[in-house]
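Encoded as structure tokens, the structure appears first; notes follow it.
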Amino acid sequence: VKLTLSNRADREQVARLLGCDPAELIFTSCGTESDNAAIKGALAAQPEKRKLITSRVEHPAVLAVCRLMESHGYHVVEIAVDQHGRLDMDELEREVDDNTALVTIMYANNETGTIFPIEQIAELTSSRGVVFHTDAVQAVGKIPLKLSQSRIDMLSLSGHKLHAPKGVGVLYVRKGTRLSPFMVGGHQEV
């Protein structure tokens, strides 16, 4: 898959790749900005919930913002992985509760190649009314996606992983997902 991001059909091209509505896409400067916008925006939209769940093996773009939120009073849980890099789904299921604002788990690990059970996680979080985000920078373009048929609430990607120029990212936000903008005052995407 190669994204050119060079014409008016950019939004439609990305929407086709992700299997979603073009209106559900927010263009950012990179995957890190997409991750930050998703995590901070989901937490800000639900100030009454103070728990954030992630995994111990996330990319620094996710772990750094989770740890920052911990310094702001959020309870952050980092779910363990086994010796093969597989997520402890029993621990995740136990940890998702009424105080959980967001679960953010990567789609595919860039170091081990482990693909996480994202659809299973999305079903779990959806059934409990918890927002789910996945950093899919390593998965988009390699794993077929049909987000219109998924329970994933938010998904981040980085254009340079798909041959687009550096400095291009995308955040998918499923219609109906509560997300507060992290920048105000202009006509930016988020």
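Predicted model only: the values in this text are computed from it and were never measured. Sequential numbering from 1 along the given sequence is applied to the chain's residues.
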According to salt bridge (charged side-chain N to carboxylate O under 4.0 Å, His left out), does anything in residues 15-32 pair up with another residue at least two apart or in another chain? List the pairs.
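Output for this query lists Asp21-Lys175.
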Is the shortest side-chain heavy-atom distance between [X] and [Y] below 4.5 Å?
{"X": "Leu155", "Y": "Phe132", "answer": "no"}
{"X": "His75", "Y": "Asn99", "answer": "no"}
{"X": "Leu17", "Y": "Leu145", "answer": "no"}
{"X": "Val173", "Y": "Leu171", "answer": "yes"}
{"X": "Val62", "Y": "Ile39", "answer": "yes"}
{"X": "Leu157", "Y": "Leu162", "answer": "yes"}
{"X": "Leu102", "Y": "Ile53", "answer": "no"}
{"X": "Lys40", "Y": "Leu43", "answer": "no"}

Candidate list Val140, Ile121, Ile143, test side chain to side chain contact (heavy atoms under 4.5 Å, CB included), partner Tyr107, passing option:
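Testing Tyr107 for a side chain to side chain contact (heavy atoms under 4.5 Å, CB included) against Val140, Ile121, Ile143 leaves exactly one candidate, Ile143.
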Against Ile79, only a single residue in Glu93, Glu91, Arg94 fulfils side chain to side chain contact (heavy atoms under 4.5 Å, CB included); can you say which?
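Going through Glu93, Glu91, Arg94 one by one, the side chain to side chain contact (heavy atoms under 4.5 Å, CB included) with Ile79 is satisfied by Glu91 alone.
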Could you give the distance from [atom1] ([X]) to [atom2] ([Y]), rounded to the nearest 0.5 Å?
{"X": "Tyr74", "Y": "Leu68", "atom1": "OH", "atom2": "CG", "answer": "10.5 Å"}
{"X": "His133", "Y": "Ile118", "atom1": "NE2", "atom2": "CD1", "answer": "10.0 Å"}
{"X": "Thr54", "Y": "Leu52", "atom1": "OG1", "atom2": "CG", "answer": "6.5 Å"}
{"X": "Glu95", "Y": "Thr100", "atom1": "CD", "atom2": "OG1", "answer": "7.5 Å"}

Closest non-hydrogen atom pair, [X] against [Y]:
{"X": "Leu179", "Y": "Met154", "value": "CD1-SD, 3.8 Å"}
{"X": "Val130", "Y": "Asp153", "value": "O-OD2, 3.7 Å"}
{"X": "Ser156", "Y": "Asp35", "value": "OG-OD1, 2.9 Å"}
{"X": "Thr32", "Y": "Ala61", "value": "OG1-CB, 3.5 Å"}
{"X": "Glu111", "Y": "Asn109", "value": "N-OD1, 2.7 Å"}
{"X": "Ala80", "Y": "Arg56", "value": "CB-NH1, 3.4 Å"}

Taking atom CG of Asp82 as the centre, report whether more than 12 heavy atoms of other residues, nucleotides or ligands fall under 6.0 Å from it.
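Check passes, neighbour count above 12.
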Please check if the number of heavy atoms outside Arg151 that lie under 6.0 Å from its CZ is greater than 12.
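No - once you tally the heavy atoms of other residues, nucleotides and ligands closer than 6.0 Å, there are 12 at most.
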With the 4.5 Å side-chain cut-off for hydrophobic clustering, are Ile115 and Val81 part of the same group?
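Yes, same cluster.
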If Ile, Leu, Val, Met, Phe, Trp and Tyr residues are connected whenever their side-chain heavy atoms lie under 4.5 Å apart, and connections chain through other members, are Leu63 and Ile105 in the same group?
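No, separate clusters.
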Please test Phe27 against Val14 for side chain to side chain contact (heavy atoms under 4.5 Å, CB included), starting from the C-alpha separation and ending with a verdict.
CA-CA 10 Å; Phe27 283 90; Val14 175; 4.2 Å; yes
Could you tell me whether a side-chain N or O of [X] sits under 3.5 Å from a main-chain N or O of [Y], the two making a donor and an acceptor?
{"X": "Glu119", "Y": "Ser150", "value": "no"}
{"X": "Arg178", "Y": "Gly41", "value": "no"}
{"X": "Glu70", "Y": "Cys66", "value": "no"}
{"X": "His84", "Y": "Arg86", "value": "no"}
{"X": "Asp135", "Y": "Val137", "value": "yes"}
{"X": "Lys51", "Y": "Val77", "value": "no"}
{"X": "Gln46", "Y": "Ala101", "value": "yes"}

Side chains of Glu58 and Ser55: is there a donor and an acceptor less than 3.5 Å apart?
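There is such a pair (donor and acceptor under 3.5 Å, judged by atom type) between the side chains of Glu58 and Ser55.
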Evaluate the criterion side chain to side chain donor-acceptor pair (under 3.5 Å) for residue pair Thr28 and Ser34; output intermediate values, then yes/no.
CA-CA 6 Å; Thr28 66; Ser34 296; 2.7 Å; yes
